[in-house]
Amino acid sequence: MSDALPIEVTSPTPLLELRGISKEFPGVKALDDVSFAVFPGEVHMLLGENGAGKSSLMKVLCGAYRADAGEFYYKGEKVAIGSAADAQKLGIAVIFQEFSLVPHLDIAQNIFLGREPKGRIPGTIDRSKILADAKRVLGTIGFDIDPSTIVDKLGVAQQQMVEIAKAISQNARILVMDEPTAALSDRETELLFALIARLKADGVSIVYISHRMAEVFALGDRITVLRDGRRIDGVRPADVTPDQLVRMMVGRTVDMTYPRNFADKPGEVLLQVKGLSSSTGISDINIEVRRGEIVGLCGLVGSGRSEVARAIFGADPVSSGEIIFDGKTISGEPDLAARRGIALIPESRKSEGLALLRSVSDNLVVSALRKLFPSGLFDQRSAQRTSDGLIRQLRIATPSARQTVGLLSGGNQQKVVIGKWLAAGSKLFIFDEPTRGIDIGAKSEIFALIDRLVAEGAAALMISSEQVEICHVCDRAYVMREGRIAGHLTRNELTEENIVRLGMHHA
Amino acid sequence: DGETIAVFTKNQTNPFFQTVRVGADNMAKALNAKTLQYIPTKPDSIPEQLSQIEDVVVKKPSAIVFTPVDYKAMVPGVEKINEAKIPVVNITDRSAGGKFLSFVGADDYSLGLETARFLLKTLGGKGNIVIIEGVKGSLTNVDRVRGFNDALKENAGAKLLASQPGNYQRLQALQVMENLMQSNSQIDGVLAANDAMAVGAIEALDGANRKAQVIGINGTKEAIDAIKSGKLLASGDYNGFAQGCLGTMMAIRSLRSQPVIGEIVLKPTVITKDNFQPFDVPLEQRTCPTFEDAGKLGAK
Amino acid sequence: MTDITKEAIVPPRSFLSQDAIQVFYRLLAALLICAVLAVLSDSFLSLGNILNVLRQASLTFFIASGLTLVVLTAGLDLSVGANVALSACIAGTVIHKTGSPALGILTGLACGGIVGLLNGVMVTALRIPSFIATYGMLWVLNGLTYWYMAGETLHGFPAGFRQIGSGYLFGLPIPVYLLLVFLGIGTLFAQRTIWGQEIYAIGANPVAARLSGIPVARRLLLVYAVSGTMAGLASIIFLSRLNSAEADIGESLTLPAIAAVLIGGTSLFGGVGTVFGTFIGALILTLVLNGMNLLSVSANWQPLVTGVIVILAVWLDMKTRRRAQ
Amino acid sequence: MREAAVVSEPNPLQRIPGVAIVLVLLIALFSAIAPGFLSVANLSNVLVQSTILTMLALPMTLIIMTEGLDLSMGAVLTLTSLCVAIVSLATKSMLLGLGAGLLVGAAFGTVNGWLVAILGIPPFVATLGTLGMAQGLSLIVSDGQSVVGIPHSVRDIYSATLLGVPVPIVMALVTYAAFHGLLYHTRFGTYIFALGGNREALRYAGLSPNKLLIAVYALGGAMAGIAGLLMTARMNSGHPTAGLGLEFDAIAAVAVGGTSFERGNGWLLGTLLGVIAVGVLRNGLNLISMPSSVQVASVGVLVIVALFLDGLRSRA
Ligand SMILES: Nc1ncnc2c1ncn2[C@@H]1O[C@H](COP(=O)(O)OP(=O)(O)OP(=O)(O)O)[C@@H](O)[C@H]1O
Ligand SMILES: Nc1ncnc2c1ncn2[C@@H]1O[C@H](COP(=O)(O)OP(=O)(O)OP(=O)(O)O)[C@@H](O)[C@H]1O
Ligand SMILES: [Mg+2]
Ligand SMILES: [Mg+2]
């Protein structure tokens, strides 16, 4: 493996080839006879619906899962990838969808976990070298931060950057990125794209999983589409339109413009927030949401949008200000807000949204227990019926309502988080990044659902980093900057340009 | 006058040691001295009593009245006291080492022997017997059970069915007894190494509507009550009150340069329904024996 | 829905829930121990002995059933034993002073419940991890009890009161009826009420539970109070069964209760387990001790055997659980 | 804003852990009211008394960091203490005794690790089981009796001094230094953080979490072996119940010291402070002759107060 790689994008032999990979979980055929090839120096996009098997294929590729059947070829030679160590020897590095960082170690220790430079005394670590090395790696991806910072103190985006640094530091020939931008802000996304370009120039192959069409066409050299565990097709971006790609992924046509039936006249005021401040860093927030409206809440990552959502829901303590919902002032814990009819779909599905060890059904009914069982007596059958309905409605790919929710694919987990509030009969839905990690088909269905909800008299407050979405579906939007409302945009003013302008620091 | 006597006992849960402490307090009050009680927070904890000794040595009380939680393992502690030149009297369990002014205690072996003999005599020297043991390895238990067994050996007609641990705990003794009754249809006598276990065994017998003669050891108030009501055959008097009194007395006398008795081993008394009256007096109303009585009670 | 998606959805293989399967395996383990004992000892299979075992298991079960709820929320209550001791001593005093068993029972339950509630307050309002909060509480309660009892023993209670612990009704010991009642109530509460569901949800992920609109603090208070009240109930049974109480009765009750919960298949990480499993756990522990008494196993060997059984029981559980998945 | 919170230093007062505050308060209080508390002899007492618990609490910190627990430590300590006594009695050699203690301790630790890592039994249950086994073996090898008559060389370990410092304190300091180095400066230490924080990360890094886990538990057992030597030396005998329940003291010290039971966040110095705080409290209360029932409760109050202060701090 010491021989230099031919930097030849059109090399006839793939760098790595997977043939006939199958992988079955109880009740789920995650991969069914999938073949997949990566050529040197290409960015290979891997697309598919939620639960199509993308992450599973990559986990097989990097040795985290053992395939039931299939063969691996490295530069045309048959190899075995039975463990993470095997994959590493072949120069494969992965940035997982779920973080693989150790919270109470610092950035440098995380980057070089298992590959620490040896100190003078056996067993010890050369502290100055590890810091210097980390600094260098962080430099190559343009991430300026002290490598001795403890990872637990970092935000999601920063953790994602460390994750990337960790993969880069392995000098991999093949780099797998599973939805790397889902948690990144625009600035970090740009850094990442620049990095990808550089790696590509160095002959590194990149497998890139994403649900964002724009990225597919901006970055991809080749595209492989999976559907229900099968390989559907391999194409070049130049040869397809987004519509065609989507049809390959979902097997039908999807309207990607998120149609909305805007009401002529907004309804009565449902939520009124007056001068809200909280120790989490937001101050003097004034927001109004009327029945029948979808109101956007935009701004840069870290501008405090989630904090506003949490404060309204009672999840964070309010230091001053007033929240009037449906004519009455509310203050207290989330259970009070929930009972009055507010729903919060939080931004982190794993830590805040789901009981991963419990079943899909348990998770789907948990917020609606009081409504479904007013007598206080719980009935498993009726809970199951309710969840079966939601599973159908949201097209959640799961073998049954009894499946453990932690075993679903990322996007399907997100659907469960959304689904649990549908049964509760809430009046105001606060969505914090509801479509993060959700495939295009599901996205348009979810927007159709929100549209239906508000048409029936509910309202929604929606936080999203994808400004296109905000512009398409919102009646109007507030833009936040540094913990305050920086401006308000009406339907007519709602453009990406305006959002960015208002949201920028020192605009 | 005004001496402080540090009194060490094994735990705060066993009623026996409460009688020791009250005895010591009574005597100290009578002699114009005062006591400081040291009890491990975890019952019978060796490391803790060792620490307490080390702490007390810093405080330098006039004298110490000492019950080792373990007679062998506490020897280094006693040596620490000796090194600090604090006079110390050993009560209850005889320490395996160290220098003491005096020892005041009862003889566990003969207590076990005598109470068991009494039971066997009542049964006419024969019958099916079970032993409920205390905490494995504690001096009191070893000697008492040895006494039980020797009494059994004297009576060829008596048969030992089982010897099982109740750890000096009422509930455990009750459950052991319940279980033993399942496998033994006829149990005539129960030898329990303390009163709490004896009473536990009686509850088990009552619950199964079975009868057996039961003895315990310590002479606690509940045992006396049970003897009065005829449920308990007898209890060996361990006489903690006298031990506390006499131990403190010896310590104070030595501080005042009065003569002391080097060793007082209280004679075993078997409390039965014929002689319980003197024992049926509330603790607070009892009076300590005098120095002259001490000789009669069992000085060697 | 497209046809392909439909294919991916395979119906569940078994109509039994995972919990039911686990309980079944555990029951099997208990029966296995019974079979071994029946072979080794003639007296084991007598009706008397079986009732005996059930009655002995009941005390552990009362404590452990409340504890199960706490463990389901990913908490732990190390103070249950000390709570039993204090409640028994206070209830005993009340009966002595007033002569009214009813008043004594109420006091015992209330005392246990209040201690539990205090645990709950420490865990929710003061945010002290339950393991530590209840460990601290254990010592505070011990101190209180030692001080209150001052080395004395309470004994001698009215005959009527003593029936609760040692009486029979239609040939069955009264504690066995109580055991069945609380087994039923506990199971219904955990499986068939929305509070039970909420408790499972809290254990599985407290943050998500809070953001799902569950009043987490109130439910936790409830759970700790119930655990305390069950300790109070156990103290009453203890009192009437042994006709006496002293300061150190709790010490030997805590670890067996926790062991019963864990052998019963409830996970310390919360969200998984059943009250019925705990019952079987208590049963297994009692069977082992009963067997060792019947077989006259030397005292020295008893902790060792118990330790091995605890590990074996849980290991078998893990094995079957893996297979079932 | 959270971004700001990362950069700016929080109020330094808020960063002082609860255990340090409690310790300082206790020392101030007892200096004022307990005669003799500040004497060198007494302070040396407190430290010497804390050494055995230190030996248990340090490895317990590492075990808790792996989201584990070792309930068997007290019982294993008891067993190793007996082994030290029996072997040194038979061979008249302290070193052989220590060797036996270490061996038995490490063996038990390895069994714990094996049960937890390979069989996947939850640590609480696995070590509850081995607790029973160690306790049973202690009773069996000693037949419930104390083992006495051991050579003087063993006893000297506890009572001797090195350059005027009692040997147990020297041993504890060396142990602390070793653990500090191990946890914060070696690869093994790094992996301990990962065992509790993110076991998957270790697996992806090509390391075996199972082997590491076993090593951590084995270390705990071996330390119980060393503590067993100290215990035997302290009692000049072996006793079949001497160390029972010490594991809970160790766990309390770890918790008081600010190590959390989740996600591999541990603080060794805090553990040391926790051990000393418990020692100071007991010693001071003995010196002022506090009634024993209050002493019993005070340990509970200490634990609760320290954790409460920590909770306040983390919320601020
Ligand atoms: N460990 C597992 N056990 C059981 N089922 C699994 C497991 N891992 C994945 N699956 C199932 O395999 C299927 C494919 O999942 P995978 O995570 O590969 O989807 P994905 O394409 O990455 O989806 P997403 O876009 O939502 O991340 C899903 O139905 C998922 O529920
Ligand atoms: N400058 C930053 N770079 C990277 N991550 C950040 C930054 N600022 C905050 N974060 C982290 O990003 C996450 C979201 O931030 P926060 O909730 O404060 O703002 P938001 O506007 O709601 O952002 P989001 O778009 O993620 O909802 C948090 O976990 C936070 O710690
Ligand atoms: Mg995925
Ligand atoms: Mg956010």
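Note on naming: letters A, B, ... go to the chains in the order of the sequence lines (proteins, then strands), and numbering restarts at 1 for each one.
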Is chain B contacted by the side chain of C:Glu246, its backbone, both, or neither, given a heavy-atom distance below 4.5 Å? side chain
Using the rule side chain to side chain contact (heavy atoms under 4.5 Å, CB included), only one of B:Asn14, B:Leu111, B:Thr19 pairs with B:Asn218; which is it? B:Asn14
Side chain, backbone, both or neither: which part of B:Ala226 has a heavy atom under 4.5 Å from chain C? neither
So for C:Leu154, is it side chain, backbone, both, or neither that comes closer than 4.5 Å to the heavy atoms of chain B? neither
Mind ranking C:Ser244, C:Gly167, C:Pro173 by heavy-atom pairs under 4.5 Å with chain B and telling me who comes out on top? C:Ser244
Identify which part of C:Leu253 has an atom lying under 4.5 Å from any heavy atom of chain B, answering side chain, backbone, both or neither. side chain
Which atoms of B:Gln164 are under 4.5 Å from chain C, going by heavy atoms: the side chain, the backbone, both sets, or neither? side chain
Residue from C:Trp139, C:Trp147, C:Phe44 scoring the most non-hydrogen pairs under 4.5 Å with chain B is C:Trp139
Supply the atom-to-atom distance C:Asn293 CG to B:Ser183 OG, rounded to the nearest 0.5 angstrom. 8.0 Å
Is it the side chain or the backbone of B:Gln169 that comes within 4.5 Å of chain C heavy atoms, both, or neither? side chain
When the 4.5 angstrom heavy-atom criterion is applied to B:Gln182 and chain C, the contacting part is both
Return the OG to CD1 distance between C:Ser235 and C:Ile63, rounded to the nearest 0.5 Å. 9.0 Å
Can you say whether C:Arg162 sits under 4.5 Å from chain B via the side chain, the backbone, both, or neither, judging by heavy atoms? side chain
For chain C, the option from B:Leu180, B:Asp225, B:Thr220 that forms the most heavy-atom pairs under 4.5 Å: B:Asp225
So if I apply the salt bridge (charged side-chain N to carboxylate O under 4.0 Å, His left out) rule between B:Asp93 and each of B:Lys10, B:Lys72, B:Arg144, which one comes out positive? B:Lys10
What do the steps show when you test B:Tyr238 against B:Thr140 for side-chain hydrogen bond (donor to acceptor under 3.5 Å, both in side chains), and what is the final call? CA-CA 11 Å; B:Tyr238 204 52; B:Thr140 50; 6.0 Å; no
Closest contact, heavy atoms only, C:Leu78 versus C:Phe131: CD1-O, 3.6 Å
Which atoms of C:Val53 come close to chain B, meaning under 4.5 Å heavy atom to heavy atom: side chain ones, backbone ones, both, or neither? neither
So, taking the atom named CG in B:Leu266 and the one named CG in B:Asp237, what distance separates them when rounded to the nearest 0.5 Å? 8.0 Å
When C:Ala150, C:Gly143, C:Gly156, C:Ser41 are compared by non-hydrogen pairs under 4.5 Å with chain B, the top option: C:Ala150
Kindly determine whether C:Asn119 and C:Ser79 satisfy side-chain hydrogen bond (donor to acceptor under 3.5 Å, both in side chains), including the steps that lead there. CA-CA 9 Å; C:Asn119 281 332; C:Ser79 71; 3.0 Å; yes
Verdict with reasoning, B:Asn239 to B:Gln243, per side-chain hydrogen bond (donor to acceptor under 3.5 Å, both in side chains): CA-CA 6 Å; B:Asn239 211 344; B:Gln243 290 183 26; over 6 Å; no
